[in-house]
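Nothing fancy with the numbering, it's 1 onward along the sequence. Remember, predicted model here, so these are calculated numbers, not experimental data. Just so you know, these numbers use all the heavy atoms, side chains as well, and skip hydrogens, waters and symmetry mates.
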Amino acid sequence: MKANYQPPLAWTGRIDGNEEEVSRWHQKIKCVDLRQALPSGKGVVLLGFAVDEGVRRNKGRAGAAEGPAALRQAMGSFPVHFDGMLMDGGNIICIDQDLEAAQQALSEAVQVIKRAGHTPLLLGGGHEITYGHAHGLYQSLPGKRLGLINFDAHFDLRQEGVSSGTGFWQLAQAHSPFQYLALGIQQLSNTQQLFSIAGELDALYIEADAFHFQDRTVLLAALAAFIREADKLYLTIDLDVFAAAYAPGVSATAFNGIRPDGLFLECFRTILQSGKLAGMDIAELNPSFDIDQRTAKLGAAFIFEAVAYLLSGK
């Protein structure tokens, strides 16, 4: 991990005073070095994956390596609505286009966080974040059934090489049982072969067209059944699952993606309230193409809600 690791920088943001009731995230967050012992107790550790080598390999738009910085900027002035420890663990970077080494470093960093008893919330970065993050969770949870939930327009089950599109295929080859639920899948974003691979792996998926009120009961029942079968959950939110109007700053936009409110929020909160979340990440934020920080603010809002629930139960 050492060569690929960057310790955190100090946060900045708006200051309304030093009293608890007006404090903001940049005044509350504790910067920690993952190469040293972490504070004990139940906390959340933010960790950046400042990497888009997998996006480049997958012929996507470069720029997602700047995602963690944009998310931190969007979160710095958030008001504090939690009681526990919020920490920033710095970034994992990619050196000399060696994505495999970066993924291994990410896995090791996640294991450090889990051994200390904390929950990792990762800031991407390309969706190559999935393999390193989830692999680290598998290593940290021996004997547990880890359910993988992916809000995404894509399956990420490509079999060629290692890229932002291969993460769940890599996990399927490395770990058993492989319990995978993809939500928001688009037919126009996945070949017939990818649908076939999903079937061969017994992966579950719900297409974007199901994110409408008339399908609410079926959608929530499928999610609840998947959660029941898992001991712990890994959640990844690829911001390209959302319509481009809400998420223009991604590696590959989806004009007909889902809305980030309504049924998505109901699903997201169901996952948080399950009490099984082992780790979560935000993927594919590309600030180079963002408008008014719209996408960064969207991803940051999901992290805000996750932190509020994990550290305060609300």
Under the salt bridge (charged side-chain N to carboxylate O under 4.0 Å, His left out) rule, what do Glu305 and Arg269 come out as? Steps first, then yes or no, please. CA-CA 9 Å; Glu305 187 151 344; Arg269 289 167 179 167; 2.4 Å; yes
Please check if atom [atom1] in [X] has more than 12 non-hydrogen atoms from other residues, nucleotides or ligands closer than 6.0 Å.
{"X": "Arg14", "atom1": "CZ", "result": "no"}
{"X": "Gln139", "atom1": "CD", "result": "yes"}
{"X": "Arg56", "atom1": "CZ", "result": "yes"}
{"X": "Glu21", "atom1": "CD", "result": "yes"}
{"X": "Gln173", "atom1": "CD", "result": "yes"}

Under the side chain to side chain contact (heavy atoms under 4.5 Å, CB included) test against Phe151, which residue among Leu181, Asp238, Ile237 passes? Ile237
Verify, without hydrogens or angle tests, whether [X] (side chain) and [Y] (backbone) share a donor-acceptor contact under 3.5 angstrom.
{"X": "His118", "Y": "Gly43", "value": "yes"}
{"X": "Lys276", "Y": "Ala230", "value": "yes"}
{"X": "Asp281", "Y": "Leu122", "value": "no"}
{"X": "Asn4", "Y": "Ile93", "value": "yes"}
{"X": "Asn190", "Y": "Ile185", "value": "no"}
{"X": "Gln103", "Y": "Ile129", "value": "no"}
{"X": "Asp292", "Y": "Arg294", "value": "no"}
{"X": "Ser312", "Y": "Asp83", "value": "yes"}
{"X": "Asp33", "Y": "Pro7", "value": "no"}
{"X": "Asp96", "Y": "Asp98", "value": "no"}

Would you call the rings of [X] and [Y] parallel, tilted or perpendicular, where under 30° means parallel and over 60° means perpendicular?
{"X": "Tyr205", "Y": "Phe155", "result": "perpendicular"}
{"X": "Phe242", "Y": "Phe302", "result": "tilted"}
{"X": "His127", "Y": "Phe168", "result": "perpendicular"}
{"X": "Tyr180", "Y": "Phe178", "result": "tilted"}

Non-hydrogen side-chain atoms of [X] and [Y] separated by less than 4.5 Å:
{"X": "Glu128", "Y": "Val51", "value": "yes"}
{"X": "Ser107", "Y": "Tyr138", "value": "no"}
{"X": "Pro39", "Y": "Val32", "value": "yes"}
{"X": "Thr295", "Y": "Pro248", "value": "yes"}
{"X": "Leu47", "Y": "Leu106", "value": "yes"}
{"X": "Leu233", "Y": "Leu146", "value": "no"}

Charged N-O contact under 4.0 Å between [X] and [Y]:
{"X": "Arg72", "Y": "Glu66", "value": "no"}
{"X": "Glu266", "Y": "Arg216", "value": "yes"}
{"X": "Lys28", "Y": "Glu20", "value": "yes"}

With a 3.5 Å cut-off and no angle check, do the side chains of [X] and [Y] form a donor-acceptor pair?
{"X": "Asp88", "Y": "Trp11", "answer": "yes"}
{"X": "Arg259", "Y": "Tyr246", "answer": "yes"}
{"X": "Thr130", "Y": "Tyr234", "answer": "yes"}
{"X": "Ser251", "Y": "Glu284", "answer": "yes"}

Is there a chain of hydrophobic side chains (I, L, V, M, F, W, Y, each step under 4.5 Å between heavy atoms) that links Val55 to Ile282?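 Unlinked, Val55 and Ile282 end up in two clusters.
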Consider only side-chain heavy atoms of I, L, V, M, F, W and Y, link residues closer than 4.5 Å, and tell whether Leu71 and Leu9 are in one cluster.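 No, no single cluster joins them.
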Interatomic distance, Leu223 atom CG to Cys267 atom SG [nearest 0.5 angstrom]: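 These two atoms lie 5.0 Å from each other.
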Roughly how far, to the nearest 0.5 Å, is the CG atom of Leu99 from the CG atom of Asp52?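 Spacing of CG (Asp52) from CG (Leu99) equals 10.0 Å.
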Under the side-chain contact (heavy atoms from CB on, under 4.5 Å) rule, what do Asn91 and Tyr5 come out as? Steps first, then yes or no, please. CA-CA 6 Å; Asn91 287 334; Tyr5 179 65; over 6 Å; no
With side-chain contact (heavy atoms from CB on, under 4.5 Å) as the criterion, how do Ile149 and Leu235 come out once you've worked through the C-alpha distance, each side chain's angles and the decisive distance to 0.1 Å? CA-CA 5 Å; Ile149 301 177; Leu235 171 62; 4.0 Å; yes
Please step through side chain to side chain donor-acceptor pair (under 3.5 Å) for the pair Thr236 and Asn150, ending with a clear verdict. CA-CA 5 Å; Thr236 180; Asn150 179 25; 4.5 Å; no
Take Gln170 and Thr166 through the side chain to side chain donor-acceptor pair (under 3.5 Å) test and state the conclusion after the steps. CA-CA 6 Å; Gln170 291 174 263; Thr166 64; 2.9 Å; yes
Stepwise side chain to side chain donor-acceptor pair (under 3.5 Å) test for Glu100 and Gln104: CA-CA 6 Å; Glu100 292 79 0; Gln104 179 59 33; over 6 Å; no
Mind listing the closest non-hydrogen atom pair of [X] and [Y] along with its distance?
{"X": "Asn58", "Y": "Gly165", "result": "ND2-N, 3.8 Å"}
{"X": "Glu53", "Y": "Cys94", "result": "CB-SG, 4.0 Å"}
{"X": "Cys31", "Y": "Ala10", "result": "SG-CA, 4.4 Å"}

Ring pair (Phe, Tyr, Trp, His ring centres under 6.0 Å), paired with Phe304, selected from Phe78, Phe82, Tyr309: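 Option passing the ring pair (Phe, Tyr, Trp, His ring centres under 6.0 Å) with Phe304: Phe78.
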CA sep, side-chain torsions, deciding dist, call: Phe289, Val250, side-chain contact (heavy atoms from CB on, under 4.5 Å): CA-CA 7 Å; Phe289 299 95; Val250 294; over 6 Å; no
Run the salt bridge (charged side-chain N to carboxylate O under 4.0 Å, His left out) test on Arg24 and Asp16 for me, step by step, so that the C-alpha distance in whole Å, both residues' side-chain angles and the decisive distance to 0.1 Å come before the verdict. CA-CA 8 Å; Arg24 297 180 182 272; Asp16 293 329; 2.5 Å; yes
